[in-house]
Amino acid sequence: MKKGVVFSVSLALVLAFCVPAFAQPNVKSVETISIDDFDTEKEFAWKVQASRFVADGFPKQQYVEAIPNALRAIYEKEEPAKVLGVNISYNRKGENWFEIFPSKAGENGESAAYEIPFKGLVDHVDFWVWGANYKYKLEMMVRDVYGIVYVLPVCQLNFNGWKNVVVNIPKTIHQTARLRTAPSSMKFVGFRVRTDPDEYVDDFNIFFDQLQYTTHVLSNIYDGFDLNHFSFEESSSNTSEEGK
């Protein structure tokens, strides 16, 4: 009897370890995807908008030929490396802010805010930011699959020069939905910079480079994923012909 019990337990353990391998997604399929390296043009452009007390002629933005020293040794493109720069000034101190966000031309040709869809289940977003040692706060905004916008703290900008920052995506943010009719992924909305009420606001610069994210690309893929997109065209035409 003891041998039979041992055999049954061993078989149960083997099945327990083998069966889930067929059903569970491959969570080790990790990939780093670039949103923008700011070196070449994308299908979207970057825009800046600011709060009411912004000075006339501001905010200003442009691409500047520059690169963090840590990335200089591995830069292999023929064209000069570039970063996205923003210059801002306000007429008075207070709780001022400005936002940097992607935009895209619509069907009517007019530019509108564009939210960049993430792929897979995002673990974190990282990028390089240049600080001018101001007591400003940098935030990142994302929209979950249910349409809720989350404002995630990134860092204080009271440092000089380039700094690589990592923004972990909280598990509480819904990146997948139970129903297939919901949006298929979380989206990147943009950045927001808030001034400290006691800090100078007459002239501030900030630069960004190498915006990317790390994701589990196969986390949302399952057997039959392609059936989420169903076309009625062919079946409806066949039905109408049969009715004739």
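- Between Ser34 and Asp37 the shortest heavy-atom distance is OG-N, 4.0 Å.
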- Item | side chain to side chain contact (heavy atoms under 4.5 Å, CB included) assessment of Ile206 paired with Leu157 | CA-CA 9 Å; Ile206 188 171; Leu157 294 170; 3.8 Å; yes
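- The environment of Asp56 atom CG is sparse: at most 12 non-hydrogen atoms of other residues, nucleotides or ligands sit within 6.0 angstrom.
- Minimum interatomic distance between Thr195 and Glu95 (heavy atoms only, all atoms of both residues): OG1-C, 4.1 Å.
- Closest heavy-atom contact between Pro102 and Phe44: CB-CD1, 3.8 Å.
- By the criterion of side-chain heavy atoms lying less than 4.5 angstrom apart, applied directly or through intervening Ile, Leu, Val, Met, Phe, Trp or Tyr residues, Val189 is not grouped with Leu211; the two fall into different hydrophobic clusters.
- In the hydrophobic clustering of ILVMFWY residues, with side-chain heavy atoms under 4.5 Å counting as a link, Phe207 and Ile100 come out apart.
- Side chain of Thr215 to backbone of Lys119: a donor-acceptor contact under 3.5 angstrom is found.
- Counting heavy atoms of neighbouring residues, nucleotides and ligands inside a 6.0 Å radius, atom CZ of Phe159 exceeds 12 of them.
- With rounding to the nearest 0.5 Å, the separation of OG1 in Thr214 from CG in Leu121 is 12.0 Å.
- The 12-atom threshold is exceeded at NZ of Lys93, counting heavy atoms of other residues, nucleotides or ligands nearer than 6.0 Å.
- In summary, Glu115 and Arg143 engage in a salt bridge, as defined by a charged side-chain N under 4.0 Å from a carboxylate O.
- For Ser89 (side chain) and Asp202 (main-chain N/O), a donor-acceptor pair under 3.5 Å exists by modelled atom type.
- Counting only heavy atoms from C-beta outward, the side chains of Val125 and Met140 approach each other to under 4.5 Å.
- Residues Asp36 and Leu84 fail the side-chain proximity criterion, which asks for heavy atoms closer than 4.5 Å.
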- Message: Apply ring-ring contact (aromatic ring centres under 6.0 Å, His included) to residues Tyr213 and Phe118 and explain how you reach the verdict.
- Response: CA-CA 9 Å; Tyr213 63 95; Phe118 288 103; 4.8 Å; yes
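- In terms of heavy-atom proximity, Lys47 sits nearest to Ser111 at CE-OG, 3.9 Å.
- More than 12 heavy atoms of other residues, nucleotides or ligands shown are found within 6.0 angstrom of NZ on Lys77.
- When the shell of 6.0 Å around CD of Glu79 is examined, it contains more than 12 heavy atoms from other residues, nucleotides or ligands.
- A single hydrophobic cluster is seen to contain both Val193 and Val48, as judged by linkage of ILVMFWY side chains at heavy-atom distances under 4.5 Å, directly or through other members.
- Under the side-chain contact (heavy atoms from CB on, under 4.5 Å) test applied with Trp162, the options Asp209, Leu71, Ile67 reduce to a single match, Asp209.
- Grouping the Ile, Leu, Val, Met, Phe, Trp and Tyr side chains by contacts below 4.5 angstrom, directly or via other members, places Ile148 with Val142.
- With Asn87 contributing its side chain and Phe204 its backbone, the two residues share a donor-acceptor pair below 3.5 Å.
- Phe38 and Trp46 have tilted rings, their planes meeting at an angle from 30° to 60° on a 0 to 90° scale.
- When all heavy atoms are compared, the tightest approach of Gln175 to Val145 is O-CG1, 3.3 Å.
- Judged by distance alone, with hydrogens and angles left aside, the side-chain atoms of Glu199 form a donor-acceptor pair with the main-chain N or O of Lys135 at under 3.5 Å.
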- side chain to side chain contact (heavy atoms under 4.5 Å, CB included) assessment of Lys42 paired with Ile35: CA-CA 9 Å; Lys42 299 289 184 181; Ile35 295 178; over 6 Å; no
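- Between Phe53 and Tyr90, a ring centre-to-centre spacing not shorter than 6.0 Å is recorded.
- Using a 4.5 Å heavy-atom threshold, the side chains of Asn205 and Val86 count as separate.
- Side-chain atoms of Ser51 do not come within 3.5 Å of backbone N or O of Asn96 as any donor-acceptor pair.
- Closest heavy-atom contact between Pro59 and Ile88: CB-CD1, 3.3 Å.
- The ring-ring contact (aromatic ring centres under 6.0 Å, His included) test with Phe191 is passed by exactly one of Phe98, Phe127, Phe101, Tyr136: Phe127.
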- Message: Please determine whether side chain to side chain contact (heavy atoms under 4.5 Å, CB included) holds for the pair Leu138 and Val129, giving the CA-CA distance in whole Å, both sets of side-chain angles, and the decisive distance to 0.1 Å.
- Response: CA-CA 10 Å; Leu138 176 61; Val129 59; 4.1 Å; yes
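- Grouping the Ile, Leu, Val, Met, Phe, Trp and Tyr side chains by contacts below 4.5 angstrom, directly or via other members, places Val122 apart from Met141.
- The cationic atom of Lys60 (NZ for Lys, CZ for Arg) lies less than 6.0 Å from the six-membered ring centre of Phe58 and within 45° of the ring axis.
- Side-chain contact between Asp126 and Gln212 is present, with heavy atoms from C-beta onward closer than 4.5 Å.
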